[in-house]
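Okay, structure first, notes after.
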Amino acid sequence: MSGMGQACYVYPGAPATPALVTADISFSRGIYMNGSMLMDDGKSVTIWGFTDLAAAPGTMAGGNNGMGGSFPSPAIRVTEGQIVHTSLTVGNMWMHTIHHHGIEPSTENDGVGHFSYDIYNGTYTYQWKASSAGTYFYHCHVNTPLHAEMGMYGGLIIDPKPLSTDPVGTKRAFSNGPIYDVEAIWACDEIDPALHTLAWNAGTCGGDVGLNNFHPKYFIITGVDGASSALTNPGVAVNMKLGQTALVRYICAGFFPQKITFGGLTASVVASDGRPLPAAWSTTSIEASSAERYDCIIKPTTTGTYTVTVQFLHWITGAVLGTAKTRINVT
Ligand SMILES: [Cu+2]
């Protein structure tokens with residue numbers, strides 16, 4: 001335990017999970033720290049994230065034999081009421097955790113470094129219950145200003161239990177909530193490439209490595225550059241038929257406040273942070289701060305191409321620091 005700055009870590013290890021029970025569904029995550037994202041200006045930025053150890057080696061989700069993985073990390077999707085195990089395996093070079101953001105498990109299973117275990121040289125199984133259907137995300141909580149910035153996050157969706165009266169395949173935002181046909185998960189984030197060259201423990205032992213000196217150059221939606229690629233990327237842009245209903249799961253995955261507008265379309269905001277709102281709220285824009293999620297039902301009444309804009313705002317001045325764009329195409 002020497003030579004890597006572990007002295008500043010309080011609970012490094014991979015202990016047995018207290019009170020482990022049989023899971024209804026399990027996920028197995030590893031990590032990669034050698035991914036890269038190609039930006040629209042032709043430059044690449046180093047990305048870290050989680051791999052899916054159950055996926056085939058060589059696939060993006062499984063990491064390309066240790067050479068990177070998907071960004072964002074593979075989603076965790078479960079059904080309300082399930083007991084979930086998320087195992088995280090980390091070697092002896094770094095420490096990482098998984099924090100299931102918005103889920104409220106026991107302290108040991110919360111994945112917040114310095115309050116629970118910093119996973120090191122083994123596997124820890126996070127045990128939690130999917131209590132409330134909605135939109136969440138999971139992320140590493142070791143040296144969070146750096147590890148979250150590096151890309152160590154993925155979507156976390158809890159679907160409601162199907163109603164006995166619903167036809168098979170019916171998709172609802174939450175239990176008894178609105179039905180949707182098309183789903184988008186927009187995790188909006190900003191990237192400062194100057195931070196993407198640091199070591200995993202940079203700044204954690206009291207040194208000032210400039211983590212507060214945050215000047216993002218790229219503005220992205222779900223791992224795709226919002227300068228132009230996200231306009232048409234099939235994993236980001238929404239394609240729907242007139243008459244269909246879209247559920248946009250909007251996640252403010254960056255550090256700065258954001259403002260999203262739906263290209264003139266009106267959204268009915270039905271849930272926030274994994275909880276249904278007492279009454280849906282109709283709006284053409286939403287302002288969100290770090291880690292907030294909003295579930296938006298959009299039902300266009302005319303065909304067309306609607307350009308969705310996400311503005312990234314300075315904490316204090318509110319100045320627009322950058323913009324990411326995608327589209328809702330209605331045919
Ligand atoms: Cu980490």
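A quick note: this is a predicted structure, and the numbers were derived from the prediction, not measured. Worth knowing before you read on, the calculation uses all heavy atoms, side chains too, and leaves out hydrogens, waters and symmetry mates. Ligands are counted one by one from 1 in listed order, and the atoms in each one are counted from 1 as well.
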SG(C188) to SG(C252) below 2.5 Å: no
Heavy-atom closest pair, residues D225 and M37: N-CE, 3.5 Å
Heteroatom of H147 nearest to the Cu ion (ligand 1) (N, O or S, atom name): ND1
Least distance between heavy atoms, T125 atom then S87 atom: OG1-OG, 2.9 Å
H141 N/O/S atom closer than 2.8 Å to the Cu ion (ligand 1): no
Within residues 231-278 or reaching into it, pairs that qualify as ring pair (Phe, Tyr, Trp, His ring centres under 6.0 Å) - sequence neighbours excluded: F214-F255, F214-F256, F256-W315
Which atom of H96 approaches the Cu ion (ligand 1) most closely (N/O/S): ND1
